Amino acid sequence: MQHSSTNPLSPLHPSNPGHALKSYVSGTPDLLVEKTVNSSFHGTPDLDHWLRENAISTIVICGITTNHCCETTARIGGNLGYTVYFAVDATHTFDRADLEGGTISAEELSRISAINLNDEFATIVRSRDLLNH
């Protein structure tokens with residue numbers, strides 16, 4: 001997945017360095033979805049179509065940001081009938097301002113995302129558990 005923001009000021013806009021895939025992402029992907037919104041299911045090419053065409057019914061969610069793109073993709077994946085594993089320790093988010101002028105830590109936001117998704121849209125897992133199977 002590659003997020004291509006439509007906002008020229010965003011670090012994820014195609015004209016900015018933050019848009020590039022990280023250097024440790026190497027090789028040729030089986031599929032590279034370019035998206036402009038949170039969900040990986042709303043991009044080009046169509047992820048749902050590709051997964052079904054390839055008889056893939058289980059997905060693992062990782063990446064950034066935990067409480068935006070990852071959580072949204074997990075919710076839609078679950079709604080579409082996929083078995084969704086949410087590798088919470090393989091996601092990342094950032095501290096956010098709350099509505100009262102305080103701050104909610106990235107750790108707390110990740111915990112809340114896991115609580116929101118667990119047993120409703122996804123199964124929350126740790127990377128080590130996935131790698132041990």
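If you're wondering where the values come from, they're calculated on a predicted model, not measured in any experiment.
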May I ask you to decide if [Y]'s main-chain N or O and [X]'s side chain share a donor-acceptor pair within less than 3.5 Å?
X      : Y      : answer
Asn7   : Leu9   : yes
Asn54  : Ile56  : no
Asn118 : Ala114 : no

Steps toward side chain to side chain contact (heavy atoms under 4.5 Å, CB included) verdict (Arg126, Val88): CA-CA 6 Å; Arg126 298 278 175 196; Val88 68; 3.6 Å; yes
Residues Leu47, Met1; criterion side chain to side chain contact (heavy atoms under 4.5 Å, CB included); working and verdict: CA-CA 10 Å; Leu47 176 60; Met1 304 304 145; 3.8 Å; yes
Validation row: Lys35, His42 side chains within 4.5 angstrom (heavy atoms):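 Side chain of Lys35 against side chain of His42, heavy atoms only: no contact under 4.5 Å found.
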Under 3.5 Å, sequence neighbours excluded: what are the donor-acceptor pairs made by side chains of residues 68-77?
| from | atom 1 | to | atom 2 | distance (Å) |
| --- | --- | --- | --- | --- |
| His68 | ND1 | Thr65 | OG1 | 3.0 |
| His68 | NE2 | Arg96 | NH1 | 3.0 |
| Glu71 | OE1 | Ser113 | OG | 2.6 |
| Glu71 | OE2 | Arg75 | NE | 3.3 |
| Glu71 | OE2 | Arg75 | NH2 | 2.9 |
| Glu71 | OE2 | Asn116 | ND2 | 3.3 |
| Thr72 | OG1 | His68 | O | 2.7 |
| Thr73 | OG1 | Ser40 | N | 2.9 |
| Thr73 | OG1 | Ser40 | OG | 3.4 |
| Thr73 | OG1 | Cys69 | O | 2.9 |

Nearest atoms (heavy-atom pairs only) where Glu34 meets Ser4: OE2-OG, 2.7 Å
What distance do [X] atom [atom1] and [Y] atom [atom2] have between them, rounded to the nearest 0.5 Å?
X      : Y      : atom1 : atom2 : answer
Asn79  : Glu120 : CG    : CD    : 8.5 Å
Phe121 : Leu80  : CZ    : CG    : 11.5 Å
Glu108 : Asn67  : CD    : CG    : 11.5 Å
Leu21  : Gln2   : CG    : CD    : 4.5 Å
Phe94  : Ser105 : CZ    : OG    : 13.5 Å
Asp48  : Glu53  : CG    : CD    : 11.0 Å

Enclosure of Phe41 CZ (heavy-atom neighbours >12, cutoff 6.0 Å): yes
Residue Asp98 excluded, over 12 heavy atoms near CG under 6.0 Å: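 Counting other residues, nucleotides and ligands, CG of Asp98 exceeds 12 neighbours.
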Evaluation steps, side chain to side chain donor-acceptor pair (under 3.5 Å), between Asp95 and Thr103: CA-CA 7 Å; Asp95 295 350; Thr103 300; over 6 Å; no
Do [X] and [Y] land in one hydrophobic cluster if side-chain heavy atoms of ILVMFWY residues count as linked below 4.5 Å?
X      : Y      : answer
Trp50  : Tyr82  : yes
Ile124 : Leu109 : no
Leu31  : Ile59  : yes
Val60  : Val125 : yes
Leu51  : Ile61  : yes

Distance-only side-chain donor-acceptor flag, Thr93 / Thr66, under 3.5 Å: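 Side-chain D/A pair, Thr93 to Thr66: absent.
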